[in-house]
Amino acid sequence: MRTFISIACLSLIYFAANPLLAADAAASASPVGLWKTFDDKTGNARALVRIYEQDGKLFGRIEQSFTPGAETRVCVPCTDERKNQPIIGLLIVRKMQRDGNEYSGGDILDPESGSVYRCKMHLEQNGARLIIRGYIGFSLLGRSQTWQREG
């Protein structure tokens, strides 16, 4: 009987701690890698973006676009140093820094409009999804996208 109670107690402790271990693993995961982005209206895949770390900050560059003709398109509406730069290879996420379980302090470019937004992002589903929120002013005044990890 004593052994049964010991096993039961250990099992309860393990199962109680397991969600915490999973949450901790997601928090320690990094967004560095390849991500598939999706069109907000149609849900179709739009591009593959490579998130990488440089000098302790995260950046994201378009590696592939699923939009026909993208290999010859440039960012005409961009207003900064990215104006008229090719869409493939375009830096769209800049200077993101870790802040607890999320990343913030950087910006994200919408290459369709040329608009640059402040940005926050965090991982979900054990690092399989990246939630990106672009906003102006306050985080409440913006929109979020979900990217899926590719590699």
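Only one option out of Arg133, Arg94, Arg118, Lys95 pairs with Asp107 in a salt bridge (charged side-chain N to carboxylate O under 4.0 Å, His left out); it is Arg94.
Counting heavy atoms from C-beta outward, Trp35 and Ile132 have side chains that stay 4.5 Å or more apart. Counting only heavy atoms from C-beta outward, the side chains of Tyr135 and Tyr117 never approach each other to under 4.5 Å. Taking 4.5 Å as the limit, some side-chain heavy atom of Pro111 sits within range of a side-chain heavy atom of Ile62. Counting only heavy atoms from C-beta outward, the side chains of Glu124 and Thr146 never approach each other to under 4.5 Å.
A donor-acceptor contact shorter than 3.5 Å links the side chain of Thr37 to the backbone of Ala47. No donor-acceptor pair under 3.5 Å is formed between the side chain of Arg82 and the backbone N or O of Asn84.
A salt bridge does not link Lys57 to Asp55: none of the charged side-chain nitrogens sits closer than 4.0 Å to a carboxylate oxygen.
Between atom CZ of residue Arg46 and atom CZ of residue Phe66 there is a gap of 11.5 Å, rounded to the nearest 0.5 Å. Once rounded to the nearest 0.5 Å, the distance linking CD of Gln125 with CD of Gln148 reads 8.5 Å. How far CG of Leu123 is from CZ of Arg129: 12.5 Å, rounded to the nearest 0.5 Å. Separating the CD atom in Gln145 from the CE atom in Met121 is a distance of 13.0 Å, to the nearest 0.5 Å. To the nearest 0.5 Å, the span separating CG on Leu48 from CD on Gln64 amounts to 4.5 Å. Here the CZ atom belonging to Arg61 is positioned 5.0 Å from the CG atom belonging to Leu91, to the nearest 0.5 angstrom.
Tracing side-chain contacts under 4.5 Å through hydrophobic residues (I, L, V, M, F, W, Y), one never reaches Tyr52 starting from Ile92; they form parts of separate clusters. Under a hydrophobic clustering in which Ile, Leu, Val, Met, Phe, Trp and Tyr are joined whenever their side-chain heavy atoms come within less than 4.5 Å, directly or via other members, Val32 and Ile108 fall into the same cluster. One hydrophobic cluster holds both Trp147 and Ile88 under the rule that ILVMFWY side chains link at heavy-atom gaps under 4.5 Å. Phe59 and Ile131 are not part of a single hydrophobic cluster, where members link through side-chain heavy atoms under 4.5 Å apart. Hydrophobic cluster membership is shared by Ile136 and Leu109, with clusters built from Ile, Leu, Val, Met, Phe, Trp and Tyr side chains linked at under 4.5 angstrom.
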Show me, pair by pair, the donor-acceptor contacts under 3.5 angstrom made by side chains of residues 67-77, not counting sequence neighbours?
residue: Thr72; atom: OG1; partner: Gly69; partner atom: O; Å: 3.0
residue: Arg73; atom: NH2; partner: Glu112; partner atom: OE2; Å: 3.4

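Smallest separation of non-hydrogen atoms from Tyr103 and Pro31: OH-CD, 3.3 Å.
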Item checked: Residue pair Lys120, Asp99: steps toward the side chain to side chain contact (heavy atoms under 4.5 Å, CB included) verdict -> CA-CA 10 Å; Lys120 292 168 65 167; Asp99 182 17; over 6 Å; no
